[in-house]
Amino acid sequence: MPPSPTGKLHVGNVRTALFNWLFARKTGGSFILRIEDTDADRSRAEYEQALIDDLRWLGLEWDEGLEKGGDFGPYRQTDRFGLYRDHARKLMEEGHAYYCFCSQERLDADRQEQQEKGLPYKYAGHCRDLSSGEVESRIAAGEKPTLRLKVREGEISFRDLVFGQVTVSLAEIGDFILLRSDSSSQYNFACVVDDALMRITHVIRGEGHLTNTFRQVLLYEYLGFPLPDFAHLSTILGPDGSKLSKRHGATSIGEFREKGYLPEGLVNYLSLLGWTPPEESGEVLAIEEIIRSFDLGHVNKSPATFDIAKLNFINRSHLKNLGDGLLAEKVYSFLVSGGVLPDREGPEIMEWVGQAADLLEKYADTLADFPGLVRDLLSFDPDKGMADPEVLEILSEPDAAACNKIV
RNA sequence: GUCCCCAUCGUCUAGCUUGGCCUAGGACACCGCCCUUUCACGGCGGCGACCGGGGUUCAAAUCCCCGUGGGGACGCCA
């Protein structure tokens with residue numbers, strides 16, 4: 001599981017993490033957390049920490065990697081640049097790579113020209129056959145070249161565990177960059193070196209990487225590394241059919257946590273995106289049951305739409321399975337974190353918790369979703385035995401802020 | 001634009017590998033009825049799909065081709 005710390009952990013990434021984790025648990029393998037932070041501009045330490053917190057909150061503990069250590073560290077790519085350079089040198093010595101002095105401007109111009117002609121962009125190979133003398137003198141003169149892979153002719157093909165056999169002509173792939181001019185590693189290269197050195201057996205990642213995999217397979221070939229198994233997971237779409245993003249509402253798992261969703265509910269729902277448990281077991285499952293029946297070979301290829309209504313149903317079901325004591329505790333801390341109740345001891349708090357416990361007993365079999373439950377608690381009137389419609393109105397879109405409003 | 005990939009109810013999907021058991025099954029949502037002092041929960045029932053067109057075959061949701069729609073890649077991002 002190699003995330004980039006370039007933003008909040010998104011449900012799509014979590015689904016990928018989850019499938020990696022499930023596969024590792026199912027097969028008795030190790031789930032490894034490696035940070036892909038080779039993009040210095042976008043990577044931020046705070047995102048890395050949030051990512052760790054989110055993964056732990058969900059219960060997706062890793063066996064090896066960040067904060068955990070292991071035999072194949074370091075587990076942060078910025079700490080591994082030396083390794084990449086070593087392998088780059090090897091590729092160069094074997095004639096599979098070359099220095100490229102093309103300026104950004106020249107590349108942009110090439111790209112634009114190709115586009116206008118309606119051709120796919122591909123590096124034109126200007127520097128492919130520079131003499132070693134020229135290379136040396138330009139480097140001596142202070143030019144900072146990138147290192148490119150000399151892509152062979154023919155085709156490349158691999159068998160994906162989800163998508164099956166996929167093939168592409170190498171004529172489609174230009175000589176791509178291995179090391180940037182600041183000598184840091186580009187993603188595809190770092191990824192292959194790490195996966196090989198860390199003895200990764202299964203690469204399970206988002207579908208967006210399917211075409212990167214062609215490049216990577218070529219790198220495995222040149223580097224003489226054994227090929228791991230690849231499994232690509234379809235994209236998660238928003239209700240309008242486009243890739244799920246912020247404008248579709250809550251997408252970061254932090255937001256779901258704040259709204260009071262249960263980690264087990266979220267994990268259960270996400271496991272259902274692209275995968276189906278055996279029919280006889282139903283869809284509301286404890287994590288152990290998911291592990292037991294999880295099967296990568298039965299993962300769907302087509303993109304899945306994120307459906308909040310079904311998430312709510314799954315979450316609600318887990319809420320009901322929680323039991324009164326645990327539930328009262330969760331409700332209380334939810335209200336505290338939302339600022340509805342003060343985080344302190346006191347008679348009025350005890351009274352409230354007492355009422356909550358009574359109510360939970362009464363409502364034991366009738367729980368809705370978490371915010372719905374809170375809504376009931378706040379508006380329950382024992383004399384009338386019914387909810388106050390005005391309060392219900394305010395809380396029809398219940399969240400922590402709305403709860404705050406009425407107290 | 002070029003390449004890679006995908007296509008079953010509104011949504012998640014089973015079935016497709018090994019064509020007939022599919023008048024296409026389940027779940028969420030929705031609608032109705034029952035239960036209930038309200039709501040909810042629960043029970044029962046309903047609505048609802050094989051993207052289009054050609055093949056192959058005695059037989060196609062399942063295999064092949066074309067079209068259409070969608071996603072992804074084409075970066076000194078990952």
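The chains referred to below are lettered A, B, ... by the order of the sequence lines, with proteins before strands, and numbering in each begins at 1. The structure displayed is predicted, hence computed values, not measured ones.
- A gap of 43 Å separates the P atoms of B:C35 and B:C16, to the nearest Å.
- Annotation: side-chain hydrogen bond (donor to acceptor under 3.5 Å, both in side chains) contacts involving residues 286-298 of chain A, sequence neighbours excluded, comprise A:D295-A:H298.
- Between A:R316 and B:A29 there is a side-chain polar atom (N or O) within less than 4.0 angstrom of OP1 or OP2.
- Annotation: cation-pi pair A:R25/A:F23 absent, no NZ/CZ under 6.0 Å from the ring centroid and within 45° of its normal.
- Rounded to whole Å, the distance from CG on A:L170 to C1' on B:C74 is 14 Å.
- Pairing for B:A27 is with B:U11, a Watson-Crick or G-U wobble pair whose two hydrogen-bonding atom distances lie under 3.5 Å.
- Taking CZ from A:R44 and CG from A:D37, the interatomic distance works out to 13.5 Å, rounded to the nearest 0.5 Å.
- Around CD of A:Q49, the count of heavy atoms belonging to other residues, nucleotides or ligands within 6.0 Å exceeds 12.
- Judged by the 6.0 Å and 45° rule, A:R34 forms no cation-pi pair with A:Y75.
- Separating the CG atom of A:D240 from the P atom of B:G71 is a distance of 9 Å, rounded to the nearest angstrom.
- Here the side chain of A:N212 is nearest to one of B:A27, B:A78, B:G10, namely B:A78.
- Rounded to a whole angstrom, the distance from the C1' atom of B:U56 to that of B:C12 is 33 Å.
- For the OP1/OP2 pair of B:A78 and a distance below 4.0 Å, the side-chain nitrogens and oxygens of A:Q186 include at least one atom meeting the criterion.
- Nucleotide B:A29 holds its C1' atom 13 Å from the CD atom of A:E283, rounded to whole Å.
- Toward the 5′ end of RNA chain B lies the nearest nucleotide of A:F313, the other residue of the pair A:F101 and A:F313 mapping further downstream.
- Protein atom OH of A:Y187 is 11 Å distant from nucleotide atom P of B:A73, rounded to whole Å.
- Between B:A40 and B:C6, the two P atoms lie 44 Å apart (nearest whole Å).
- B:U18 is unpaired under the Watson-Crick or G-U wobble criterion, no partner having all donor-acceptor distances under 3.5 Å.
- Remark: the separation of the C1' atoms in B:A73 and B:A29 is 35 Å, to the nearest Å.
- Look at A:K243 and you won't find any side-chain N or O under 4.0 angstrom from OP1 or OP2 of B:G70.
- Under the Watson-Crick and G-U wobble criteria, each requiring two contacts below 3.5 Å, nucleotide B:C44 is paired to B:G32.
- In this structure, A:W275 atom CH2 and B:U11 atom P are separated by 22 Å, rounded to whole Å.
- In this structure, A:F294 has its ring center under 6.0 Å from that of A:F19.
- In this entry the distance linking OH of A:Y269 with P of B:A27 reads 17 Å, nearest Å.
- Computed from coordinates, the A:D110 CG to B:C76 P distance equals 11 Å when rounded to whole Å.
- Considering A:T211, A:T16, A:T213, A:N212 as possible partners of A:H232, the one that fulfils the side-chain hydrogen bond (donor to acceptor under 3.5 Å, both in side chains) test is A:T213.
- For the pair A:T235 and B:G72, the criterion of a side-chain N or O lying under 4.0 Å from OP1 or OP2 is not met.
- Side-chain atoms of A:S4 and A:E36 include no donor-acceptor pair closer than 3.5 Å.
- When rounded to the nearest whole Å, the span between CG of A:L244 and P of B:G72 equals 12 Å.
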Interface polar pairs with nucleotides 44-52 of chain B, N/O, under 3.5 angstrom:
none

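- Counting heavy atoms from C-beta outward, A:L296 and A:W275 have side chains that stay 4.5 Å or more apart.
- Nucleotide B:G1 has B:C74 as its partner under the Watson-Crick or G-U criteria, with both atom distances under 3.5 Å.
- Between A:N188 and A:Y123, the residue anchored closer to the 5' end of RNA chain B is A:Y123, taking for each the nucleotide with the nearest heavy atom.
- Between the C1' atoms of B:G55 and B:G46, the separation comes to 39 Å (whole Å).
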Tabulate atom names and distances for all N/O pairs under 3.5 angstrom spanning the protein and nucleotides 23-25 of chain B.
none

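- Among the nucleotides B:G10, B:A78, B:U13, the one closest to any side-chain atom of A:D307 is B:G10.
- Look at A:T276 and you won't find any side-chain N or O under 4.0 angstrom from OP1 or OP2 of B:A27.
- Taking the P atoms as reference points, B:G52 lies 23 Å from B:C5, given to the whole Å.
- At a cut-off of 3.5 angstrom, the base of B:C76 holds at least one donor-acceptor pair with the side chain of A:S181.
- Remark: A:R152 CZ is packed, more than 12 non-hydrogen atoms of other residues, nucleotides or ligands lying under 6.0 Å away.
- Comparing the same atom, P, in B:C51 and in B:G70 gives a spacing of 16 Å after rounding to whole Å.
- A search for salt bridge (charged side-chain N to carboxylate O under 4.0 Å, His left out) contacts involving A:D39 returns A:R42, not counting sequence neighbours.
- Side-chain proximity of A:A304 to B:C76, B:C12, B:A27: nearest is B:C12.
- The same atom, P, is picked in B:A7 and in B:U62; the two are 12 Å apart, to the nearest Å.
- More than 12 heavy atoms of other residues, nucleotides or ligands lie within 6.0 Å of CZ in A:F176, so this atom counts as buried by the packing criterion.
- In this entry B:G52 has B:C66 as its Watson-Crick or G-U wobble partner, both defining distances falling under 3.5 Å.
- Counting only residues at least two apart or on different chains, the salt bridge (Lys or Arg N to Asp or Glu O under 4.0 Å) pairs with a member in residues 72-88 of chain A are A:E48-A:R76, A:R76-A:D79, A:R80-A:D194, A:D86-A:R89.
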> Once each nucleotide of nucleotides 2-8 of chain B is scored for protein heavy atoms under 4.0 Å, what B/S/- sequence comes out, 5' to 3'?
Replying inline: BSSSSS-
